Protein chains: 2
Amino acid sequence: METRRRSTRTDARRNEERLLAAAHTMFTEHGTGASLEEIARRAGVGIGTLYRAFPNREALLEALVHERFERLAVEAEERLTEPEPRAAFAQWLSSFAESSATYRGLPASLVATMRDPGSPLYVACHRMHDTGVALFDRCRDAGTFRGDVQADDVLALAAAVAWVSKEVEGDPEMPERLLALVLDAATGATTAATAARPTSPA
Amino acid sequence: METRRRSTRTDARRNEERLLAAAHTMFTEHGTGASLEEIARRAGVGIGTLYRAFPNREALLEALVHERFERLAVEAEERLTEPEPRAAFAQWLSSFAESSATYRGLPASLVATMRDPGSPLYVACHRMHDTGVALFDRCRDAGTFRGDVQADDVLALAAAVAWVSKEVEGDPEMPERLLALVLDAATGATTAATAARPTSPA
DNA sequence: TGCCGAAACGGAGGGAGCCTCCGTACGCTC
DNA sequence: GAGCGTACGGAGGCTCCCTCCGTTTCGGCA
């Protein structure tokens, strides 16, 4: 195992870290459309430096979320062996929605990524997608889900939930509630939540 | 009834129409973020003219969709007397989602509008929202819907469906399918569609 | 330690978009 | 057909995107 080609200069590495930190802050505050010049400014770095490290906005975003989506794929694979298919899928879907809502604007990027093989996140996203679908199919095979619901539709709804939650803001429980609704729709039966408020008390 | 103050010059009116037409085309092609300068160019009008007629992008958008959302409120009110509460709500929700998806980017504007009393669409949106909720409550009172589902959650999901459909594009039936799923979730029971593909044939 | 080449830096600058301001043109009314 | 006032249009100031290239700095080697 040679450690040759370790040519990355220390200042370069330091700047990259600063850029990532600044980008995370800015994306969190202003969404994925935040000003890249402002990010460079906050990182105490010239704009040219930002563009050498990350050739475009997408690359920067990718550097920030790549690992997270890799983990999501791994999580899905692990959950494939859990005893309760529905719970396994439900929990994974919740992770998926949460990750998708990391930044305002991220759900849209993810949708675009799925259709663009040139995107740096393309592979990770598809791996995650495929394992998510496997998790879903397991539920359907077990008879937990309706037979007429498509996995992609449920994933699309989860992404949509991530979007609307981020867009509305100010209701931290909204994602859970909406996701529960989506899952109930896929199941074709109401779950625990239903008992809470009966249709009419009298 | 005096027709005084009809001072609007004919060239002004003509330009306004051209601007609206150009804006509709551009918003349709590029979403609500389309270049206003390009819109002025296509309308054969100076940028200053655009800004006098519509002080900002939101005003332009509002001029294009206002009537549509007014009609949505009226539609909801009319449907309040229909015999089948669920069908009435379902059909209205479908109209709502369709209108929300007029342009890419519109769902986000609508969500923002609901929170901004200064927005020109604020009143129309809230009227539409309130009548939509009334339509929903009628279903719940009739026992057609689960008691624990909030009207706002269902409306949020419909907006989310409009968003994801517009974002994904290339699947014209997606909105219907997702909306049907959302409605099933609210109902707490599967509908007609369920029979199509049984869980497992053997 | 000091030298030197490669690697990295940073910002000027061109292009596009947003929006304002104001000198000019033109439609309307009399 | 003259004059008033409405409406026009685009220059210009600002921000942002992204590229290009002269300058600086790191770090391996003597």
Side-chain angles (χ1 to χ4, degrees), chain A residues 2-23 25-27 29-64 103-105 108-109 112 118-120, chain B residues 2-23 25-27 29-64 103-105 108-109 112 118-120:
Chain A
E2 282 205 296
T3 327
R4 304 254 268 124
R5 289 297 94 189
R6 58 178 305 286
S7 46
T8 352
R9 257 163 61 171
T10 56
D11 54 346
R13 197 148 39 218
R14 177 178 46 83
N15 285 335
E16 207 170 301
E17 269 161 37
R18 285 187 186 170
L19 279 166
L20 286 174
T25 308
M26 284 290 286
F27 285 167
E29 287 171 8
H30 306 288
T32 58
S35 161
L36 297 185
E37 298 201 325
E38 178 66 21
I39 289 174
R41 238 171 276 139
R42 287 214 196 177
V45 142
I47 185 66
T49 299
L50 182 151
Y51 276 96
R52 200 168 336 86
F54 307 100
N56 50 52
R57 171 184 253 84
E58 200 189 11
L60 187 49
L61 194 55
E62 190 265 346
L64 284 167
Y103 308 118
R104 190 156 172 270
S109 296
S119 160
Chain B
E2 283 206 295
T3 326
R4 304 255 268 124
R5 288 299 94 191
R6 59 179 304 287
S7 48
T8 351
R9 254 163 60 171
T10 57
D11 55 345
R13 198 147 40 216
R14 178 178 47 84
N15 285 335
E16 206 169 301
E17 269 162 38
R18 284 187 186 171
L19 280 166
L20 286 173
T25 308
M26 285 290 287
F27 285 168
E29 287 171 9
H30 306 288
T32 57
S35 161
L36 297 185
E37 299 202 325
E38 178 65 20
I39 289 174
R41 238 171 277 140
R42 288 214 195 177
V45 143
I47 185 66
T49 300
L50 183 151
Y51 276 96
R52 200 168 338 86
F54 308 100
N56 51 51
R57 169 180 258 96
E58 200 188 12
L60 188 48
L61 194 55
E62 191 265 344
L64 284 167
Y103 307 118
R104 190 156 171 271
S109 296
S119 161

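Values below: all heavy atoms of this structure, side chains included; hydrogens, waters and symmetry mates excluded. Chain naming here is simple, since letters A, B, ... match the order of the sequence lines and numbering starts at 1 in each. Just so you know, these numbers come straight off a predicted model, no measurement behind them.
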(message) Just the rounded figure in Å: distance from C1' of D/dG9 to CZ of B/Phe54.
(response) 17 Å

(message) For residues 47-62 of chain A, which residue pairs pass the side chain to side chain donor-acceptor pair (under 3.5 Å) check, not counting sequence neighbours?
(response) A/Glu58-A/Ser119, A/Glu62-A/His66

(message) Holding to side-chain hydrogen bond (donor to acceptor under 3.5 Å, both in side chains), I want the full list of residues that pass it with A/Arg41, two or more places apart in sequence or in another chain.
(response) A/Glu38

(request) Only counting residues at least two apart or in another chain, list the ones meeting side-chain hydrogen bond (donor to acceptor under 3.5 Å, both in side chains) with B/Arg104. (result) B/Glu167

(request) Starting at the 5' end of nucleotides 8-19 of chain C, put B wherever the base has a protein heavy atom under 4.0 Å, S where only the sugar-phosphate does, and a dash everywhere else. (result) SBBBB----SBB

Could you pull out every donor-acceptor pair under 3.5 Å between side chains of residues 15-22 of chain B and any protein atom, sequence neighbours left out?
{"residue": "B/Asn15", "atom": "ND2", "partner": "B/Asp11", "partner atom": "O", "Å": "3.3"}

(message) Please report the distance, rounded to the nearest Å, between CG in A/Leu50 and P in D/dC20.
(response) 16 Å

(message) Test of understanding: with side chain to side chain contact (heavy atoms under 4.5 Å, CB included), list the residues that count as partners of B/Ala40, not counting sequence neighbours.
(response) B/Ile47, B/Leu50

